[in-house]
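In what follows, chains carry the letters A, B, and so on, assigned in the order in which the sequence lines appear, proteins first and then strands, with residues in each chain numbered from 1.
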Number of protein chains: 2
Amino acid sequence: MTGVQERATSEGTRRPTRQRAAVAAVLADTDEFRSAQELHALLREGGDKVGLATVYRNLQAMAADGEIDMLRTDEGEAVYRACSTGHHHHLVCRVCGRTVEVEGPTVEAWATRVSAEHGFTEVRHTLEIFGTCATCSR
Amino acid sequence: MTGVQERATSEGTRRPTRQRAAVAAVLADTDEFRSAQELHALLREGGDKVGLATVYRNLQAMAADGEIDMLRTDEGEAVYRACSTGHHHHLVCRVCGRTVEVEGPTVEAWATRVSAEHGFTEVRHTLEIFGTCATCSR
DNA sequence: ATCTCAAATGAGAACGATTGTCAAAATCCT
DNA sequence: AGGATTTTGACAATCGTTCTCATTTGAGAT
Ligand SMILES: [Zn+2]
Ligand SMILES: [Zn+2]
Ligand SMILES: [Zn+2]
Ligand SMILES: [Zn+2]
């Protein structure tokens, strides 16, 4: 689950603010992964005044709390998205950005087994699939 | 295979240079993933004078040609390593950096199936497992 | 409502990895 | 050797992200 989500650490210690709500709201409105800067721009368009640094801070906090998912593009840029709860992975269309959340006992088991075989503990994994969705490939 | 390796595109069109050889050599000497900057530093220590930009260019070219593997750390930094050929994944110790190459028909099949089920084509995937190796966990 | 204090914010500077520029050097081909 | 083409290197420029710190805000006590 590394990189894609984190365990809910110190959760309740967070203060509700207008900015945080705005970030959560814009995330709830989009179903594609978005970068911090893109989200910041969307907020401005929507009339919400939120500092860029604040957007970064909130996204990171939310991701750390497992409220949203974060993954890195091929270029290394962090992108965020509101996701269903629980451990899962993503099937992302590299053309339009459409994302499907996928889950698989198969891979989870495989990852666990392989790690154990090599004596690794406290393992987390990242697994993302990129391709062309049906719509875009037509 | 996205992010971890790329198809061998235009290969033979590359000119052999001292710098390229030096980069390849230092990579062959290390068995852990290293960033471009680290490799550049290692080259200097070894007495090889190679420009930083050149190190970046060569690493990217080699990765694009599938000669070496590249993956991104949690912080988004690109790290490279000379790897065995063929499609595989990595089990990386987040403490000492020790890396084990793992392979699995299981995940490959799963990824293919899941992609197909959702109508995705031209799929590539990234899968890295991070944990604590036996040595470091003792 | 007022007071207090720690947490959160914002504006902008600072950072660090990566990329771009362009003239000089190396390689290839004849 | 001579000219065309690629590669290199020093350094400027990008760009995403983080840091700084003065100011604002939320939550709890009074
Ligand atoms: Zn698409
Ligand atoms: Zn998983
Ligand atoms: Zn280790
Ligand atoms: Zn694979």
Side-chain angles (χ1 to χ4, degrees), chain A residues 3 6 9-27 32-65 67-81 97, chain B residues 3 6 9-27 33-65 67-81:
Chain A
E6 291 300 323
T9 325
S10 55
E11 231 280 46
T13 339
R14 213 169 291 297
R15 257 182 212 177
T17 66
R18 172 181 63 76
Q19 294 83 340
R20 163 172 303 259
V23 171
V26 71
L27 271 171
E32 289 156 37
F33 278 94
R34 292 259 125 99
S35 71
Q37 313 235 25
E38 289 176 328
L39 291 168
H40 179 242
L42 286 176
L43 285 170
R44 301 208 127 180
E45 286 177 28
D48 288 300
K49 299 194 182 309
V50 184
L52 177 58
T54 299
V55 173
Y56 272 102
R57 285 187 288 240
N58 278 315
L59 288 173
Q60 284 163 359
M62 295 168 90
D65 284 351
E67 294 169 32
I68 61 176
D69 269 4
M70 180 259 261
L71 62 83
R72 297 215 173 250
T73 65
D74 279 351
E75 293 75 44
E77 189 180 12
V79 286
Y80 305 82
R81 192 188 117 155
Chain B
E6 290 301 323
T9 325
S10 55
E11 230 280 43
T13 338
R14 212 171 289 299
R15 268 181 203 178
T17 66
R18 171 182 65 74
Q19 293 83 340
R20 164 173 300 260
V23 171
V26 73
L27 272 170
F33 278 93
R34 292 260 126 97
S35 71
Q37 313 238 22
E38 288 175 329
L39 291 168
H40 178 243
L42 287 175
L43 285 170
R44 303 207 126 180
E45 287 178 28
D48 287 299
K49 300 195 182 307
V50 185
L52 177 57
T54 300
V55 173
Y56 271 102
R57 285 186 290 239
N58 278 317
L59 287 173
Q60 284 163 0
M62 295 169 89
D65 284 351
E67 294 170 32
I68 61 176
D69 268 6
M70 179 260 259
L71 64 82
R72 299 220 171 243
T73 65
D74 278 351
E75 293 76 44
E77 190 180 12
V79 286
Y80 305 82
R81 193 188 115 153

Original post:
Quick one: CD on Q60(B) to CE on M70(B), what's the gap to the nearest 0.5 Å?
Top reply: 7.0 Å

**OP:** Compare all side-chain heavy atoms of D65(A) with those of R14(A) and state whether any distance is below 4.5 angstrom.
**Re:** yes

Subject >> Rounded distance [0.5 Å steps], CZ in R81(B) versus CD1 in I68(B) >> reply: 11.5 Å

Original post:
Toward the 5' end of DNA chain C, which comes first, Q19(B) or S35(B), by nearest nucleotide?
Top reply: S35(B)

Original post:
What is the distance from CG of D74(A) to C1' of dT18(C), rounded to the nearest Å?
Top reply: 15 Å

**OP:** Have a look at Q60(A) and say if it touches a base, only the backbone sugar-phosphate, or nothing, with a 4.0 Å heavy-atom cut-off.
**Re:** sugar-phosphate

Original post:
How sharply is the helix from dA1(C)-dT30(D) to dT30(C)-dA1(D) bent, taking the axes over five pairs at either end and rounding to 10 degrees?
Top reply: 40°

Original post:
Rounded to the nearest 0.5 Å, what separation is found between the CZ atom of R72(A) and the CD atom of E77(B)?
Top reply: 10.5 Å

Subject >> Side-chain touch R20(B)/M62(B), heavy atoms, less than 4.5 angstrom >> reply: yes

Subject >> Given L43(B), V55(B), T54(B), the one that forms side chain to side chain contact (heavy atoms under 4.5 Å, CB included) with Q19(B) >> reply: T54(B)

**OP:** Check whether any side-chain N or O of R18(A) sits under 3.5 Å from a backbone N or O of D48(A) as a donor-acceptor pair, and report yes or no.
**Re:** no

**OP:** Using whole Å, report how far CZ of R18(B) lies from P of dA25(C).
**Re:** 14 Å

Original post:
Does CZ in R44(A) sit with more than 12 non-hydrogen atoms of other residues, nucleotides or ligands closer than 6.0 Å?
Top reply: no

**OP:** Starting at atom CZ of R57(A), determine the distance to atom C1' of dA11(C), rounded to an integer number of angstrom.
**Re:** 11 Å

Subject >> L59(A) CG to dA8(C) C1', straight-line distance once rounded to whole Å >> reply: 15 Å

Original post:
At under 4.0 Å, does any side-chain N or O of T17(A) touch on OP1 or OP2 of dA8(C)?
Top reply: no

Original post:
Looking at dA8(C), does its base get a donor-acceptor pair with the side chain of R20(A) below 3.5 Å?
Top reply: no

Original post:
Got a second to check how far N58(B)'s CG is from H40(B)'s NE2, nearest 0.5 Å?
Top reply: 11.5 Å

Subject >> Value rounded to 0.5 Å, distance of CG in L42(A) from CD in Q37(A) >> reply: 12.0 Å

**OP:** Anything under 4.0 Å to a heavy atom of chain A counts; send over the first and last such nucleotide of DNA chain D, read 5' to 3'.
**Re:** dG16(D) to dA27(D)

**OP:** To the nearest 0.5 angstrom, please state how far the CD atom of E32(A) sits from the CD atom of E38(A).
**Re:** 9.0 Å

**OP:** Mark up nucleotides 12-17 of chain C, 5' to 3', with B wherever a protein heavy atom is under 4.0 angstrom from a base atom, S wherever such an atom reaches only the sugar-phosphate, and - elsewhere.
**Re:** -----S

